[in-house]
Student: 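Provided herewith is a single structure, encoded as structure tokens, for subsequent inquiry.
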Amino acid sequence: MTTTNFPKATIEGYPRVGANRELKRALESYWAGRIDAETFESAAHSLRLDTYNRLRDLGLTEDYAIPADVAYYDQVLETALTVGAVAGETLDDEFTLARGNKDTAPLEMTKWFDTNYHYIVPEIADDQDFKAHPQRVIKLVEEARAAGHTVRPYLVGPVTLLALSKQAEGATKSPLDRLDDAVKAYQEVLAELNKSGVKWVQLAEPALVADLTVANDEELAAHTKRAYEAILAADNRPQVYLTTPYGSARKGLEVLAELKPEAVQVDLSVGTLALDEGYLERVKNLKSHVVAGLIDGRNVWAANLRDLRSKYEDLEGSLDSLSVSTSVSLQHVPHTVEAETKLPADVATWFSFANEKVKEVVALSQGPLEAPEAYSISDRAVRTRAESERIHNAAVKARIEKLPAGEVKREPAFAERNEAQKELGLPQLPTTTIGSFPQTKEIRQARAAHRKGELSDADYNAALKDEVKSVIELQERLGLDVLVHGEPERNDMVQYFAELLDGFVTTENGWVQSYGSRCTRPPIVVGDISRPAAMTTEWSKYAQSLSEHHVKGMLTGPVTILAWSFVRDDVHQSVSADQLGVALADEVHDLEETGIDIIQIDEPALRELLPLREEDRKAYLDWAVRSFRLVALEAKPTTQIHTHLCYSEFGQIIDAVAGLDADVTSIEAARSRMELLEDIDETFHSEIGPGIYDIHSPRVPSVAEMAELIRAALKHVPVERLWVNPDCGLKTRGYEETEASLRNMVLARDEVRDSL
Ligand code: GLN
Ligand code: ZN
């Protein structure tokens with residue numbers, strides 16, 4: 001092993017999609033057959049070199065400072081292909097694994113730790129060969145070298161890769177049982193990198209910061225010991241830079257102190273240190289070169305460089321050698337604040353996106369004497385932000401202070417409300433939908449034209465009203481019981497509210513990769529949140545005026561709004577959650593005033609923010625549940641409050657779901673064939689609508705199939721408490737299949753009801 005120093009400043013990773021979403025365009029053009037593989041590869045190649053050049057210009061000038069964390073679709077899939085955890089040679093193999101094709105289902109996709117990024121879940125069969133494909137990484141190294149860059153190859157480490165993988169159907173071994181096989185493949189890749197002269201390789205092991213269902217902290221630490229004893233024992237390898245982003249390592253950190261990989265990155269962001277106060281001290285036990293992940297890669301706030309520099313100096317006093325990095329990959333933040341032309345001038349200086357964070361890393365490693373300007377910019381941002389009226393709203397604070405602390409509870413209790421709500425006159429096994437109806441090309445075009453100023457407010461609203469009218473007519477034709485207005489006015493269920501609430505800003509170009517070519521533009525919570533005016537009443541009132549049936553009001557809950565936004569770092573998230581809770585409570589009140597008596601508060605992201613560590617979960621669920629209850633707190637007993645959850649398995653948090661104390665809970669269940677009902681015990685007292693058709697595919701489920709699912713649900717839920725609805729909103733579907741599916745859904749309900 002030949003050695004060289006680790007760079008003084010680096011980053012864990014960088015956004016891959018490109019400042020102008022070049023990769024997204026290239027991917028989608030290739031998938032649509034508009035460009036060939038060669039053109040695609042060449043676009044991706046230029047993008048990579050542009051990125052390396054930019055990172056060098058931003059200050060990552062040392063060898064190995066730039067990570068080559070390249071992936072066309074996803075970093076986990078990329079590593080899985082490199083070490084043969086899944087089989088695939090070509091570009092098309094890779095995309096088939098990620099997206100499926102007409103004969104093959106895609107691999108599953110799920111959340112990457114507690115972020116909004118989704119990774120592809122490798123499925124590992126007993127006979128999976130773990131055949132190494134080192135060329136995938138070597139190619140990147142050589143391409144960069146030819147352009148004058150000495151980059152650092154990036155792989156997800158073996159423990160994390162297997163811990164996040166799934167046992168293939170019929171396999172007898174769990175993925176972690178295959179650790180030794182995987183390690184051999186990593187060794188081969190490392191040996192090839194060594195041969196080609198690479199001196200540092202990055203192995204990301206974020207599993208070390210989580211309590212996973214497949215393995216707890218102790219077990220993951222033991223796997224790490226086993227894997228890295230083998231990897232580090234080899235001499236024909238580059239130096240190993242092991243990273244532990246997304247939280248604090250516990251048992252794993254002790255193991256790393258024994259193993260002594262050549263360099264270790266630790267997440268020392270303010271958020272991580274708040275959850276684990278002793279972490280900074282424990283990190284001092286490491287015997288490796290330590291890379292302090294001080295710059296927070298998960299939020300968009302300019303760093304307090306002086307504060308961070310003092311942490312750096314504290315570490316410097318106790319450790320032999322130290323560098324600076326980001327806490328996590330910058331893939332979770334947009335490219336650059338420079339692309340934002342419409343941010344208020346004061347606000348713009350408070351932000352730091354990927355490029356700005358790279359500069360912060362460099363300035364932090366240099367110190368205030370060498371980089372005085374960066375420190376004075378940071379000082380100013382910290383000061384103006386702390387003093388800004390935009391952030392501190394006395395009226396909001398006063399209102400929150402008046403709230404009771406701890407648990408809040410809607411009165412009267414469910415049983416009495418349920419009785420009162422009989423006056424709604426709903427039939428047995430009522431049918432409804434989750435809110436959105438297909439967002440047609442016409443709606444999207446109208447929205448785009450309106451945004452560009454080509455369509456007047458009046459014309460845009462008229463177009464949306466036409467849509468609401470046709471959605472109401474369709475539901476009446478189909479014979480649904482509780483109608484919705486269809487949400488055509490919402491570009492996105494979070495952004496819509498963020499644009500109407502005070503305390504948020506939205507960006508023009510703040511795109512962040514969600515998965516594959518899909519990007520979102522999360523709003524940013526900058527300060528205290530309040531509601532200047534009603535947000536949804538006009539639409540609900542109009543829809544209700546068109547029908548004798550009940551029309552459901554439709555709100556996004558506090559937790560989901562926060563989960564899909566960038567949050568404040570100057571207050572605990574629960575503060576913003578309370579503020580959203582009361583702002584939305586005002587909306588509930590206004591909806592009631594306009595005659596709406598069924599209101600749904602969507603919380604699809606409730607599970608998403610669940611802390612990675614077991615011991616942090618209760619505190620989270622307490623404030624999350626409280627914020628939801630605040631929304632419904634003052635609702636009339638006769639107002640039926642619904643909630644909706646999806647995207648995950650709820651077993652783990654079923655008590656919290658019950659704790660929301662909604663009158664009706666609709667929940668995704670079709671794909672797992674109602675498995676979740678097993679989790680619903682006596683504590684779950686509300687009415688419930690387990691989704692009976694999967695809206696993620698255009699397939700039209702048959703009447704028989706849905707009737708069977710209703711019957712399955714009736715085994716667990718008494719008929720007076722069961723609702724019939726799809727799994728989720730219909731926004732991404734087309735009208736043709738939606739109409740056919742909903743017709744079958746109503747027929748299935750009729751069939752079951754007739755047979756009771
Ligand atoms: N009401 C929303 C819709 O139907 C809910 C979406 C969601 O749960 N993700 O689109
Ligand atoms: Zn949903």
Side-chain angles (χ1 to χ4, degrees), residues 109-111 116 118 431-440 443-444 447 464 467-468 471-472 474-475 480 482-498 514-515 518 520 522 535-536 539-540 543 551-565 584 587-588 591 596 598-609 628 631 640-650 653 657 660 662 664-672 676 688-697 723-735 737-738 741-742 745:
M109 191 168 69
T110 193
K111 292 256 161 188
N116 282 330
H118 304 69
T431 52
T432 191
T433 61
I434 305 306
S436 57
F437 267 69
Q439 290 240 340
T440 56
I443 303 175
R444 278 180 279 131
R447 180 155 33 250
L464 295 176
E467 184 67 23
V468 170
V471 167
I472 293 283
L474 171 63
Q475 295 171 90
L480 287 155
V482 173
L483 313 192
V484 295
H485 76 284
E487 304 177 26
E489 79 287 12
R490 302 187 189 175
N491 41 0
D492 170 276
M493 65 187 287
V494 167
Q495 176 129 6
Y496 178 77
F497 289 95
S514 170
Y515 61 87
R518 182 155 165 81
T520 62
M535 305 180 283
T536 65
W539 299 107
S540 291
V551 174
K552 261 195 288 195
M554 207 53 68
L555 305 175
T556 303
V559 181
T560 299
I561 293 183
L562 289 178
W564 296 349
S565 301
L584 290 164
E587 190 71 17
V588 166
L591 283 167
I596 299 296
I598 302 185
I599 300 170
Q600 178 169 312
I601 306 158
D602 288 324
E603 279 295 17
L606 184 64
R607 170 77 177 66
E608 273 173 34
L609 288 188
F628 181 93
V631 184
Q640 190 172 58
I641 298 289
H642 289 221
T643 188
H644 166 71
L645 295 99
C646 55
Y647 299 133
S648 43
E649 285 160 19
F650 291 96
I653 60 159
V657 176
L660 297 176
V664 182
T665 305
S666 71
I667 196 160
E668 174 177 326
R671 274 192 292 187
S672 62
L676 95 113
I688 179 157
I692 61 162
Y693 86 77
D694 176 13
I695 55 84
H696 299 89
S697 101
W723 284 66
V724 173
N725 48 258
D727 256 350
C728 191
L730 302 162
K731 186 172 168 176
T732 56
R733 294 275 59 88
Y735 263 107
E737 75 252 19
T738 295
S741 301
L742 290 176
M745 182 181 92

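Note that ligands are numbered from 1 as they come in the structure, with each ligand's atoms numbered from 1 the same way.
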Student: Give the numbers and elements of all ligand 1 atoms closer than 4.0 Å to a heavy atom of G729.
Tutor: 3 (C), 4 (O), 10 (O)
Student: Is ligand 1 less than 4.0 angstrom away from at least one heavy atom of M493?
Tutor: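 Judged by the 4.0 Å heavy-atom criterion, M493 does count as contacting ligand 1.
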Student: Give me the nearest non-hydrogen protein atom to atom 9 (N) of ligand 1 as residue plus atom name, then the distance to 0.1 Å.
Tutor: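 That would be Y647 OH, 3.3 Å.
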Student: Nearest to atom 2 (C) of ligand 1, what protein heavy atom do you find, and at what distance?
Tutor: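 Atom 2 (C) of ligand 1 sits closest to the protein heavy atom D602 OD2, 3.3 Å.
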Student: Between P604 and ligand 1, find which residue part has any heavy-atom pair under 4.0 Å and reply side chain, backbone, both or neither.
Tutor: side chain
Student: Determine whether C646 and D602 make a side-chain contact, defined as any pair of heavy atoms from C-beta on separated by less than 4.5 Å.
Tutor: no
Student: Could you tell me whether the side chain of T560 and the main chain of A605 form a donor-acceptor pair under 3.5 Å?
Tutor: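 Here the side-chain-to-backbone pair exists.
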Student: With heavy-atom distances below 4.5 Å as the criterion, would you say the side chains of T520 and N116 are in contact?
Tutor: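 Result no, sub-4.5 Å side-chain heavy-atom pair not found.
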Student: Taking C-beta and beyond as the side chain, do S666 and H642 meet within less than 4.5 Å on heavy atoms?
Tutor: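 Side chain of S666 against side chain of H642, heavy atoms only: no contact under 4.5 Å found.
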Student: Within the 4.5 Å heavy-atom criterion, are T665 and V657 side-chain neighbours or not?
Tutor: yes
Student: Could you tell me which atoms of ligand 1, counted from 1 in the order shown, lie closer than 4.0 angstrom to a heavy atom of G435?
Tutor: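 That gives atoms 4 (O) of ligand 1.
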Student: At distances under 2.8 Å, what protein N, O or S atoms surround the Zn ion (ligand 2)?
Tutor: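 As for protein N, O or S atoms lying under 2.8 Å from the Zn ion (ligand 2), they are H644 NE2, C646 SG, C728 SG.
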Student: Taking K111 first and then E608, would you say they form a salt bridge - that is, a charged N and a carboxylate O separated by under 4.0 Å?
Tutor: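 The answer is yes: the pair qualifies as a salt bridge.
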Student: What is the closest protein heavy atom to atom 7 (C) of ligand 1, and at what distance does it sit?
Tutor: C728 SG, 3.5 Å
Student: By number and element, which atoms of ligand 1 are closer than 4.0 Å to a non-hydrogen atom of E487?
Tutor: 1 (N), 2 (C), 3 (C), 4 (O), 10 (O)
Student: Any idea which atoms of ligand 1 are less than 4.0 Å away from a heavy-atom of S436?
Tutor: 3 (C), 4 (O), 10 (O)
